[in-house]
A.B. asks: 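The structure follows.
Throughout, protein chains are lettered first and strands after them, A, B, ... in sequence-line order, and every chain is numbered starting at 1. Note that the structure is predicted; figures quoted are calculated from it, not measured.
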Protein chains: 4
Amino acid sequence: MLRGVSSPRKPNPARRSERSRQAVLDAARRLVSELGYDKVSIEAIAARAGVGKQTIYRWWPSKGAVIFDSILALSADGESIRLPDTGDLEADLKTVMRATVAEFADPAFEAPVRALTLQVVGDPGLAALYREKLSGPVDEAKKERLRSAQRAGQLAADADLDLVLEVLYAPLYQRWQLRSGALTPEYADRLVEITLRAFAPCA
Amino acid sequence: MLRGVSSPRKPNPARRSERSRQAVLDAARRLVSELGYDKVSIEAIAARAGVGKQTIYRWWPSKGAVIFDSILALSADGESIRLPDTGDLEADLKTVMRATVAEFADPAFEAPVRALTLQVVGDPGLAALYREKLSGPVDEAKKERLRSAQRAGQLAADADLDLVLEVLYAPLYQRWQLRSGALTPEYADRLVEITLRAFAPCA
Amino acid sequence: MLRGVSSPRKPNPARRSERSRQAVLDAARRLVSELGYDKVSIEAIAARAGVGKQTIYRWWPSKGAVIFDSILALSADGESIRLPDTGDLEADLKTVMRATVAEFADPAFEAPVRALTLQVVGDPGLAALYREKLSGPVDEAKKERLRSAQRAGQLAADADLDLVLEVLYAPLYQRWQLRSGALTPEYADRLVEITLRAFAPCA
Amino acid sequence: MLRGVSSPRKPNPARRSERSRQAVLDAARRLVSELGYDKVSIEAIAARAGVGKQTIYRWWPSKGAVIFDSILALSADGESIRLPDTGDLEADLKTVMRATVAEFADPAFEAPVRALTLQVVGDPGLAALYREKLSGPVDEAKKERLRSAQRAGQLAADADLDLVLEVLYAPLYQRWQLRSGALTPEYADRLVEITLRAFAPCA
DNA sequence: GTGTAAACGAGACGGTACGTCGCGTCTTAAG
DNA sequence: CTTAAGACGCGACGTACCGTCTCGTTTACAC
C-alpha cells in the first residue's frame, strides 16, 4: 500500500496530558485578557503555560482554535441553562436582556468576547463550532421560554422563534460590535418592547 | 541648535504620488480578495504595487488602515446616496433590503467585507472612521426616507430612527456574520414587515 | 525509606536484548552511509531499527557512541591481525600500504570513516576508546612486524616504533583527510621508501 | 522568460553592513572559544553580535561557513609569511617546529582549531577553501625555505617538497588530533631530524 | 534652465514569531 | 524488568514580516 507523502502522524489522544491541556487553556485565556487577541502569540501561550510549543501544535490546528477553546471551556461548564419563567414574558425578557447588556458592558468580558467574535467571523469552521457549542444551547433555552409564552398567548403562535431571537439580540450585538451607541438598561427594555410588539399575537 | 527628540517629520501631502497611492490601494484590494485579510502582508502589498515599503508606512499608520482605505475607496465614489421614495414605505424598504441581501450573498463581496468587519470590530479608531465615512452617510439617507414615512403617517412619529435601522438591519448583518441562516429575498421581506409592525403608528 | 537523589538506575546488562542491539547498530551504520554523520539522528536510528528511543538511551551515552560502536562492530570481528613477514621489510610494507591506500580510496569507506574521524577529533573520550579498541591492536601488529625487521637489521635498533608508524601513516591520513592530494599506489611506495631511509640502521 | 520556482533572491553585497559582518565574526570566534564548535548555535551568534538571524542567513550558507570565516579572518590579516633563513636548515626548522608544537599545545588555540578541523574534514568545499586561504600561503612560505636549502645542498635537489612538508607536519598534526601522545619540543626536534635524514642529499 | 529638497523604488537591518525537528526524559501497555 | 511506542519540556532550526534605516534616482518647485 502506498503511503503517499506520509500523512501527518496523528497523536494518540489517550496519552494526552490533561495537566498540559489545562495549563494551555488557562494561559491563553489570561493572555487574551491582558493583551487582546492579536497580540497573543503561541510562543507566549506556551511559555506562560510552561509547555513546549509542540504540545500546542500537536493538539490544536491554529492560534484561533486554542483561544476559541479556552473561551469555550469557560462557558461550557456543562450546566444546563434555564431562563426565568414567572409567567410575565415581558418582565422575564427584560431581566434577561438587562443582564446581557450589563455583561457586554463589563470591560472584563470585552477582550475575550471580541477575540471570540473575530475568530467566528473569520473562520467558517469555528463559526459552526461556535453555533454548536455556545450559542446553540443558549438559544435553545431562550426558545423554550418563548414557546412557553406562545402557549400562554403572549406571543404569536406562528412566530419564527429564530427570527424573534434575532430581532431581540442582533441590535444589541451590533451596537456593541460597532460601538455605535450606549448599552443601557433602557436600551434593553426598549428592545424587549419592540420585539414583543413585532411578534404580538394577532388580536 | 539641537533638535531634541525631533518630531516624526511628517511628509508633505502636496508632493504625494497619486500613482503610488492608487497602486497601493489596488494591490491591497486584490490581495484581500485573493488571500483573505490576515494573509495579506504589507510586504506583499508593496511588492504587488511596485512600491517601496516606506511609501506605505509614510502615508498609512497600519495594515488595517491601508486595507480599510482600499475598500473605502471602492464605495466612496462620492455619489450622494438616495433611497427610492414611491410613497409606499413597505415596498420601498423591501426593494432596498432585497438588494442588500443580494449584495451580502455575492461571493465577490465576501472577502473584502469580512476584512472590513474584522478591522472595525478589532479597532475602535477604525470603527469611528467606518461610522463617519461609510455607514454614516448611508444611514442618513435611510433615515431621510424614514422621516418622509413618518410625515406620511406610515411610521410612529416618535420612533427612534437609529433603533429602527438597527431592528431592520442588525438581524441580517448578524446572520451573515455568523453564517447562521440563509439570506433570501423572503427573509428580507420578513424583516421589513416585522420592523414596520414594531414601529407602526399608534392606531 | 527515602531514596534521596537516587543514582541513575543502571540497567541490568544480562537482560539486554541482543536483537535490539544488533538492529540499532545496523540501522546506525546504514544511516551514516546514506546521510553522513551529522544528518543522522537518534530518532531516525530508533525508527529504522524498530526500537524505542529509550532502548538506545539506556545502553549508549550519546549519538556518537552509537555510531562509533556501529563502525567498531564492523572491524572488531575478533580476528587477530597479523602482517605479512616475508623477510623483506620494504616489500611487506609496500603491500600493506598499497592496501591501505586502496581502502581509503574506496568510496564505500568514505562516509563511515569520516564519521568516525569527526567523532574522535571532537571527543577525547571516544579518542581514547578508539585508540584502545581500533588503532591499538592494529598498531601493535604493525609494531610486531617492525620489531622483526629490527632483529633482522633492516631498521635502526633504537628506532621509536610509534614514531615510525606516524611517519609512515600520518601523511597518508592527512592527505585523505584534507583531500590535498591523490592516494595512489606510487604514493604508498614513496612513503615506505622515505620511512625506511629515515629509520635506516646506522651504517 | 520563465522564472521557474523563483530563484532565492540574492542580496546586494554593496549594501552589506561591515559593522554587522565584523560583529558576527567576532561573536562566532568568541563563542567557539567558550563553548566549542558544536554547542555554538546561529541563534547565539546572532544574539551575541546584536544582529538579526536573517543577517547571518543572508550572507553565510551555514553555521560552519560563519565559523570558518571567523577563524580565517583571524589569520588572513594579509601579512605575507616568511620563515627564518639563517643558512642552517636544521636549526631553522627546529625553531619553526617548536613554535608550532607550542601553538598546538596552547589551550586557547584548542577550541577554534578543532572547530576548523571538523569543518574541513566534513565539508569538501570548505576543505578547498581552507587549502586556498590558509594552508596554501603558509605552505608556500615553507617551501620557499626548503628551496633555499636545496640550493645550499642541504636537501635532496629532487625532493618532492609537498611530501617533505607532509612527513614533517602530518605526524604532529595526527598526534594532536588523536591526542595519541605528548607534544614536546623534543618531539619537534625529532621530526626535523627524521625528515632531514629521509630527504638528505645523496652523498 | 538649474539647484535643491522631497518623495520615491529598493532593500538591508535588528527583531519577533512562526511551524518543524530533534533532543533526552518520562509514562504507558504488552510481553 | 525490559521493551516499543510515543507524549512531554525544551531549544535551535530556517523563513516570513515587522517597522526603521539608508541608499541612489526621479520629480517638481523655487530660483
A.B. asks: Grab the CD-C1' distance between C:E43 and F:dA12 for me, whole Å please.
C.D. replies: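 So the CD-C1' distance, C:E43 to F:dA12, works out to 14 Å.
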A.B. asks: Rounded to the nearest 0.5 Å, how far does CD1 of D:I71 lie from OH of D:Y37?
C.D. replies: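 Reported to 0.5 Å precision, the distance equals 9.5 Å.
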A.B. asks: Could you tell me whether the side chains of B:Y130 and B:Q119 share a donor-acceptor contact shorter than 3.5 Å?
C.D. replies: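 Per modelled atom types, B:Y130 and B:Q119 side chains form no pair under 3.5 Å.
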A.B. asks: Starting at CZ of B:R48 and ending at P of F:dC17, how long is that distance when rounded to a whole Å?
C.D. replies: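 Roughly 13 Å, once rounded to whole Å.
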A.B. asks: Should D:R16 be listed as having a side-chain N or O under 4.0 Å from OP1 or OP2 of E:dA12?
C.D. replies: no
A.B. asks: Could D:R48 and D:E34 be called an ion pair, given the rule that one side-chain N must be under 4.0 Å from one carboxylate O?
C.D. replies: yes
A.B. asks: Report the distance from atom CG of B:D38 to atom P of E:dC18, rounded to the nearest whole Å.
C.D. replies: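 From B:D38 CG to E:dC18 P: 13 Å.
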A.B. asks: Starting from C1' on E:dA10, measure out to NZ on D:K10 and report it in whole angstrom.
C.D. replies: 18 Å
A.B. asks: Do D:K53 side-chain and F:dG14 base share a donor-acceptor contact under 3.5 Å?
C.D. replies: yes
A.B. asks: For A:Q22 and F:dC8, give me the distance from atom CD to atom C1', rounded to whole Å.
C.D. replies: 17 Å
A.B. asks: How many angstroms lie between atom CD1 of D:I56 and atom CD of D:E43, to the nearest 0.5 angstrom?
C.D. replies: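 D:I56 CD1 to D:E43 CD: 9.5 Å, rounded to 0.5 Å.
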A.B. asks: Can a side chain N or O of D:W59 be found less than 4.0 Å away from OP1 or OP2 on E:dC13?
C.D. replies: yes
A.B. asks: Side chain of D:Y57, heavy atoms from C-beta onward: which of E:dC18, F:dG19, F:dT15 has the nearest atom to it?
C.D. replies: F:dT15
A.B. asks: Nearest whole angstrom, please: distance from the P of F:dC8 to the CD1 of A:I56.
C.D. replies: 11 Å
A.B. asks: Map C:A46 and A:V51 onto DNA chain F by nearest heavy atom, then report which one ends up closer to the 5' terminus.
C.D. replies: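 It is C:A46, whose closest nucleotide lies nearer the 5' terminus.
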A.B. asks: Can a side chain N or O of A:S17 be found less than 4.0 Å away from OP1 or OP2 on F:dA7?
C.D. replies: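 Result: no.
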A.B. asks: Could you say whether A:A44 or B:G52 is positioned toward the 5' end of DNA chain E, judged by the nucleotide with the nearest heavy atom to each?
C.D. replies: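 The 5'-side residue here is B:G52.
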A.B. asks: B:K39 or A:Q54: which one's nearest nucleotide on DNA chain F is closer to the 5' end?
C.D. replies: A:Q54
A.B. asks: Could you tell me the separation between the CD atom of C:E18 and the P atom of F:dT2, rounded to a whole number of Å?
C.D. replies: 16 Å
A.B. asks: Is A:T55 close enough to F:dG9 that one of its side-chain N or O atoms is under 4.0 Å from OP1 or OP2 there?
C.D. replies: yes
A.B. asks: Quick one: D:R21 CZ to E:dG14 P, roughly how many Å, whole number?
C.D. replies: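 Rounded to whole Å, this separation is 14 Å.
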A.B. asks: Looking at D:R15, does any N or O in its side chain come under 4.0 Å of the phosphate oxygens OP1/OP2 on E:dC13?
C.D. replies: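 Result: no.
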A.B. asks: Nearest to the side chain of D:S20 - E:dC18, E:dC13, F:dG14?
C.D. replies: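 Taking heavy atoms from C-beta onward, the closest nucleotide is E:dC13.
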A.B. asks: For B:W59, is the NZ or CZ atom of B:R15 found under 6.0 angstrom from the centre of its six-membered ring and inside 45 degrees of the ring axis?
C.D. replies: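 That pair does not qualify as a cation-pi contact.
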